[in-house]
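Notes to accompany the following structure.
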Amino acid sequence: KEGEDFRVLIDDSSLRKQTEKEVEEMANPNATVDENAEETEEKSAIELAKIEKQNEKLARQKEYSSLAWHRFSKTSLLETTAQPPFVEYIPLIDGFAVPPTQEQWKARAANIELRADSDGLYKISRGQMTKIRSGYYFSPITTPNGRWAVVTKYAGEGDGDGDNYAGSLVRVNLLTNKEFKIKIESDYETLEPVAFIPALNKVLIFSSYGESEEEMGNREGSFFLVDPETGIAQAVKGDAHPLLQQTFRPLQTVTASPDEFWTALPDRSLNVTEFGIYNTKTLTFKPLMKLPQIIFDSMAMWIDEKENKIYFVYDGQLLALPLKK
């Protein structure tokens, strides 16, 4: 919401069911490939990989096909409209072989953009995409000056230089494309870059057990800060959980306070959401109010400071509360 420009993302449930059925039917490409023929085994493997990638791309497009942005006025949904430029809930579709993700904003800086998949790490510049590293990469984050990237690298075929990292963290010099392993001692097996924190000039790293049914902001793990220039890592002193919520957009900045952000911290065990301000310089949270019997996070709310209102979505409903600072 910016002034009178109020936009709401709507998911058509009936269209969603239809889309899920179509995606499920696309999930098994094996029937179209003769994998039992010895003479064509290698060819079949290549064809299978191509089919899987094509189906993955189609399924990804269909995943968001039931979603649409609408303008909103007081109590009524209005016409459909474009996605807000700073919100990428629906990833853009372009002509590049490696599609963008919901969190693509984390990988853009200084007129470049990074993308990653199981085959490599790619740089997009001046409308051209170039593979800069081979291997299985995930969740790249760039520094604002475009000089460094911090990214997860999984074990695979390697990149020809003898390095083979099992789910570890690396930094890549985007001027030379050289790669350096980041050494972090953690009790957890997965290391994932979360965000670049301008106030600290560091990249936040989350170490966990990997994928979980729990929401990202509630997952068990530990945090580290990495200096992208040196690779030096240190354990976080403070609470970095609010930054785990950042997915399709960053946390909303508090006006005139570039290091402070509006934040909602849900606690499902107590069935309560705590609302307040998070400071990325001190990594501290200042609570302003508690909302019992209601659960939502920072991605499901928007603050209008001029109106002194908190808008949020709970259980499929758009609600509002007075903002008390």
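The shown structure was predicted, so the numbers you read here are calculated from the model rather than taken from an experiment.
When the side chains of ILVMFWY residues are joined at heavy-atom separations under 4.5 Å, either directly or via intervening members, L270 and L291 end up in two distinct hydrophobic clusters. In terms of hydrophobic clustering, with Ile, Leu, Val, Met, Phe, Trp and Tyr side chains grouped at heavy-atom distances under 4.5 Å, V254 and F312 are assigned to a common cluster. Connection of V313 to M301 is not established within any shared hydrophobic cluster, with ILVMFWY side chains joined at heavy-atom distances below 4.5 Å, either directly or through further cluster members. The cluster map of Ile, Leu, Val, Met, Phe, Trp and Tyr, joined by side-chain heavy atoms under 4.5 Å apart, puts L283 and F285 in the same cluster. Cluster annotation: W105 and F196 are assigned to distinct hydrophobic clusters (Ile/Leu/Val/Met/Phe/Trp/Tyr, side-chain heavy-atom contacts under 4.5 Å, transitive).
The aromatic ring centroids of F206 and F223 lie less than 6.0 Å from each other. Aromatic rings from Y154 and Y137 are positioned such that their centres are separated by 6.0 Å or more. Taking the six-membered ring wherever Trp is involved, the centroid distance between the rings of W262 and Y311 does not fall below 6.0 Å. When ring centroids are compared, Y314 and F296 stay outside the 6.0 Å threshold.
Annotation: the span from R108 atom CZ to T142 atom OG1 amounts to 9.5 Å, rounded to 0.5 Å. Atom CG of D297 and atom CG of L265 lie 9.5 Å apart (nearest 0.5 Å). The OH atom of Y278 sits 11.0 Å away from the CG atom of D259 when rounded to the nearest 0.5 Å. Interatomic distance, CD1 of I197 versus CG of L225, reported as 5.5 Å (0.5 Å rounding). Considering CG of N201 and OG1 of T143, their distance stands at 8.5 Å, rounded to 0.5 Å. The CG atom of L114 lies 8.5 Å from the CD1 atom of I124; values are rounded to the nearest 0.5 Å.
Of the possible donor and acceptor atoms, none in the side chain of K309 sits under 3.5 Å from a partner among the backbone N and O of L323. Using a distance-only test at 3.5 Å, with no hydrogens or angles considered, no donor-acceptor pair links the side chain of H70 to the main chain of L77. A distance-only check finds no donor-acceptor pair linking the side chain of Q252 to the backbone of T263 [under 3.5 Å]. The closest donor-acceptor contact from the side chain of Q83 to the backbone of P91 lies at 3.5 Å or more, if one exists at all. Using a distance-only test at 3.5 Å, with no hydrogens or angles considered, a donor-acceptor pair links the side chain of T273 to the main chain of I294. No donor-acceptor pair closer than 3.5 Å links the side chain of T253 to the backbone N or O of T255. Under the 3.5 Å distance criterion, the side-chain polar atoms of Q104 are matched with a main-chain donor or acceptor of T101. Between the side chain of E88 and the main chain of Q102, no donor-acceptor pair closer than 3.5 Å is present. With hydrogens and angles ignored, the 3.5 Å screen pairs no side-chain donor or acceptor of S269 with any backbone N or O of D267.
A pairwise comparison of heavy atoms in S208 and E220 identifies CB-O, 3.5 Å as the closest pair. Nearest heavy-atom pair, A97 versus P99, reported as atom, atom and distance to 0.1 Å: O-CD, 3.5 Å. Here the shortest heavy-atom pairing between S139 and P193 reads O-CG, 3.0 Å. The two residues S222 and S186 come nearest to each other via the heavy atoms OG-OG, 3.9 Å. For the pair A109 and P144, the tightest heavy-atom approach, listed with the atom from each and the gap, is CB-O, 3.6 Å. Minimum heavy-atom separation, T282 to N279: N-OD1, 3.0 Å.
Counting only heavy atoms from C-beta outward, the side chains of N308 and P322 never approach each other to under 4.5 Å. Considering only heavy atoms from C-beta on, L174 comes within 4.5 Å of I112 through its side chain. Contact of the I90 side chain with the L9 side chain is registered, since non-hydrogen atoms from C-beta on lie closer than 4.5 Å. Taking the side chain as every heavy atom from C-beta outward, P242 and F261 never approach each other to under 4.5 Å. In this structure, V194 and L244 have side chains that are in contact, with non-hydrogen atoms separated by less than 4.5 Å. Put simply, the side chain of T247 reaches to within 4.5 Å of the side chain of M299, judged on heavy atoms. Within the 4.5 Å cutoff, no side-chain heavy atoms of F275 are placed close to those of P287. Put simply, the side chain of P140 reaches to within 4.5 Å of the side chain of L121, judged on heavy atoms.
For the side-chain contact (heavy atoms from CB on, under 4.5 Å) with I205, the lone residue among I141, T152, V236, V150 that qualifies is V150.
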- Message: Using the rule given for ring pair (Phe, Tyr, Trp, His ring centres under 6.0 Å), can you reason through W69 versus F6, listing the C-alpha separation, both sets of side-chain angles and the distance that settles it, and then say yes or no?
- Response: CA-CA 10 Å; W69 285 91; F6 197 170; over 10 Å; no

- Message: One pair to check against side-chain contact (heavy atoms from CB on, under 4.5 Å): E179 and R133. What are the steps and the verdict?
- Response: CA-CA 8 Å; E179 179 181 288; R133 301 292 301 180; 3.4 Å; yes

- Task: Give the C-alpha distance, both sets of side-chain angles, the deciding distance and a yes or no for side-chain contact (heavy atoms from CB on, under 4.5 Å) between L321 and L319.
- Result: CA-CA 7 Å; L321 280 173; L319 306 173; over 6 Å; no

- Message: Using the rule given for side-chain contact (heavy atoms from CB on, under 4.5 Å), can you reason through N177 versus K123, listing the C-alpha separation, both sets of side-chain angles and the distance that settles it, and then say yes or no?
- Response: CA-CA 10 Å; N177 297 334; K123 181 194 293 183; 3.9 Å; yes

- Going through the distances and angles, do E4 and K74 end up as a salt bridge (Lys or Arg N to Asp or Glu O under 4.0 Å)? CA-CA 10 Å; E4 296 300 316; K74 296 181 180 178; over 6 Å; no

- Task: Go through the steps to decide whether F138 and K153 satisfy the test side-chain contact (heavy atoms from CB on, under 4.5 Å), and finish with yes or no.
- Result: CA-CA 6 Å; F138 183 74; K153 183 178 183 181; over 6 Å; no

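Judged by distance alone, the side chains of S66 and D11 do bring a donor and an acceptor atom under 3.5 Å apart. Side-chain atoms of N271 and Q293 include a donor-acceptor pair closer than 3.5 Å. Between the side chains of Y122 and E113, no donor-acceptor pair of N or O atoms lies under 3.5 Å.
Remark: E274 does not engage K286 in a salt bridge, criterion side-chain N to carboxylate O under 4.0 Å. Contact check on K1 versus D304 returns a salt bridge, with a Lys/Arg side-chain nitrogen under 4.0 Å from an Asp/Glu carboxylate oxygen. Classification of D227 and R171 as a salt-bridged pair fails, no side-chain N sitting under 4.0 Å from a carboxylate O. Taking a cutoff of 4.0 Å between a charged side-chain nitrogen and a carboxylate oxygen, D5 and R7 qualify as a salt bridge. With salt bridges taken as basic N to acidic carboxylate O contacts below 4.0 Å, none links K183 and E185.
Counting non-hydrogen atoms of neighbouring residues, nucleotides and ligands closer than 6.0 angstrom, the CZ atom of F248 exceeds 12 such neighbours. Heavy-atom neighbours of E79 CD from other residues, nucleotides or ligands within 6.0 Å: above the threshold of 12.
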